[in-house]
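Notes follow the structure.
Residue numbers start from 1 in every chain, and the chains themselves are labelled A, B, ... in the order their sequence lines are given, proteins ahead of strands. In this text the structure is predicted, and so the values were computed from the model without any measurement.
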There are 2 protein chains.
Amino acid sequence: MLGYVLRRAQSAVFDDFANTFDKAGEALTPGEFGLLVLVDRNAGLSQMALARALGIDRSTLVPILDRLQERGLLMRHRSPTDGRTHALALTPNGEKALARFARLVRAHEKRIASQLSAAEIRVLIDLLEKVHAGARSL
Amino acid sequence: MLGYVLRRAQSAVFDDFANTFDKAGEALTPGEFGLLVLVDRNAGLSQMALARALGIDRSTLVPILDRLQERGLLMRHRSPTDGRTHALALTPNGEKALARFARLVRAHEKRIASQLSAAEIRVLIDLLEKVHAGARSL
DNA sequence: TATTGTTATACTCTATAACTATA
DNA sequence: TATAGTTATAGAGTATAACAATA
């Protein structure tokens with residue numbers, strides 16, 4: 001029952017995220033937003049480090065970065081200290097886009113929490129973290 | 001923030017689901033479980049009706065049913081009243097498998113809720129439904 | 001004409017295995 | 001030898017468009 005309700009809520013939230021961006025003429029997934037935030041806050045990190053932080057395989061990351069790079073949001077620089085790694089960073093355009101995206105995400109967050117009081121939001125986040133902890137105890 | 005926490009919890013729950021089935025030597029996704037439950041409780045329903053209930057396109061459903069049918073869990077019967085539709089039903093083997101699956105899902109649900117009291121579970125479900133309602137208000 | 005199921009096609013996310021360049 | 005990134009490949013979920021059978 002809990003798993004089902006969680007899945008439904010998550011699905012509605014995902015749809016709202018997509019809709020928010022769509023109506024603003026932008027296109028981004030929650031995963032892409034999280035990736036951009038990570039790169040922004042940790043400029044220079046490698047693809048391996050990013051993949052680890054996102055919990056995905058390094059090969060999965062490649063086409064995702066390709067797309068973001070084609071969109072001019074992000075760049076792979078060659079690391080001067082380790083020729084094997086790419087130092088990731090947002091482009092100036094990527095920084096500007098991320099600021100726009102962050103505004104949209106705030107509006108989205110506001111809407112998904114619109115039926116909850118501030119206290120309820122805190123309780124919900126707390127309970128979700130307990131679910132996370134419980135599920136992790138394999 | 002809420003969106004992110006929700007996504008993380010959902011991801012951990014999904015992993016626990018997969019792990020539970022894996023360790024029991026079974027293979028099933030939450031979506032497949034939901035589908036089997038729907039067919040079990042509404043024997044004879046059509047693919048269109050099932051797709052609508054699942055919120056997916058009818059063309060998406062086809063390969064999913066193909067796989068379940070290949071596994072001998074489910075059958076497409078020709079409807080006597082409407083030659084266009086298939087009446088879906090679980091096979092006897094599918095019924096037995098679903099009983100096994102339901103046991104595993106109960107164990108899984110117990111684990112993801114292991115850090116929560118009964119009262120907290122009720123509150124969490126309530127709050128998640130409010131999130132669902134808020135996100136739906138597009 | 002409209003509906004149901006199927007197929008063809010196309011993206012995206014996901015992974016594993018093998019390859020290249022570098023350490 | 002080991003690590004980082006890439007490519008090839010494969011499977012699953014998702015969709016749209018076109019098609020055949022049926023209503």
In whole angstrom, give the distance that lies between atom [atom1] of [X] and atom [atom2] of [N].
X: A/Ile56; N: C/dT16; atom1: CD1; atom2: C1'; value: 15 Å
X: A/Met48; N: D/dA2; atom1: CE; atom2: C1'; value: 12 Å
X: A/Arg84; N: D/dT1; atom1: CZ; atom2: P; value: 17 Å
X: B/Leu50; N: C/dT3; atom1: CG; atom2: P; value: 19 Å
X: B/Leu65; N: C/dT6; atom1: CG; atom2: P; value: 8 Å
X: A/Leu61; N: D/dG5; atom1: CG; atom2: P; value: 9 Å
X: A/Asp57; N: C/dA15; atom1: CG; atom2: P; value: 6 Å
X: B/Phe17; N: D/dA12; atom1: CZ; atom2: P; value: 16 Å

Quiz item: A/Arg58 side-chain donor-acceptor pair to D/dG5 base, under 3.5 Å
yes
Taking atom types as they are modelled, would you say the side chain of B/Thr85 forms a donor-acceptor pair with the base of D/dT22 within the 3.5 Å cutoff?
no
Earlier contact from the 5' end, DNA chain C, for B/Val62 and A/Ile64:
B/Val62
Phosphate OP1/OP2 of [N]: any [X] side-chain N/O under 4.0 Å:
X: B/Thr60; N: D/dA15; result: yes
X: A/Gln47; N: D/dT3; result: no
X: A/Arg76; N: D/dT6; result: yes

Base, sugar-phosphate, or nothing for A/Ser59, non-hydrogen atoms under 4.0 angstrom?
base
As an exercise, state the distance from CD1 of B/Ile121 to CG of B/Leu116, rounded to the nearest 0.5 Å.
5.5 Å
Return the CG to CG distance between B/Leu98 and B/Leu35, rounded to the nearest 0.5 Å.
10.5 Å
Does one side chain, of A/Thr91 or A/Asn93, offer a donor that lies under 3.5 Å from an acceptor on the other?
no
For DNA chain D, whose closest nucleotide is more 5', that of A/Pro63 or that of A/Asp82?
A/Asp82
Tell me whether A/Glu109 contacts the main-chain N or O of B/Met1 through its side chain, where contact means a donor paired with an acceptor under 3.5 Å.
yes
Does A/Gln47 use its side chain to pair, donor to acceptor, with the backbone of A/His86 at less than 3.5 Å?
no
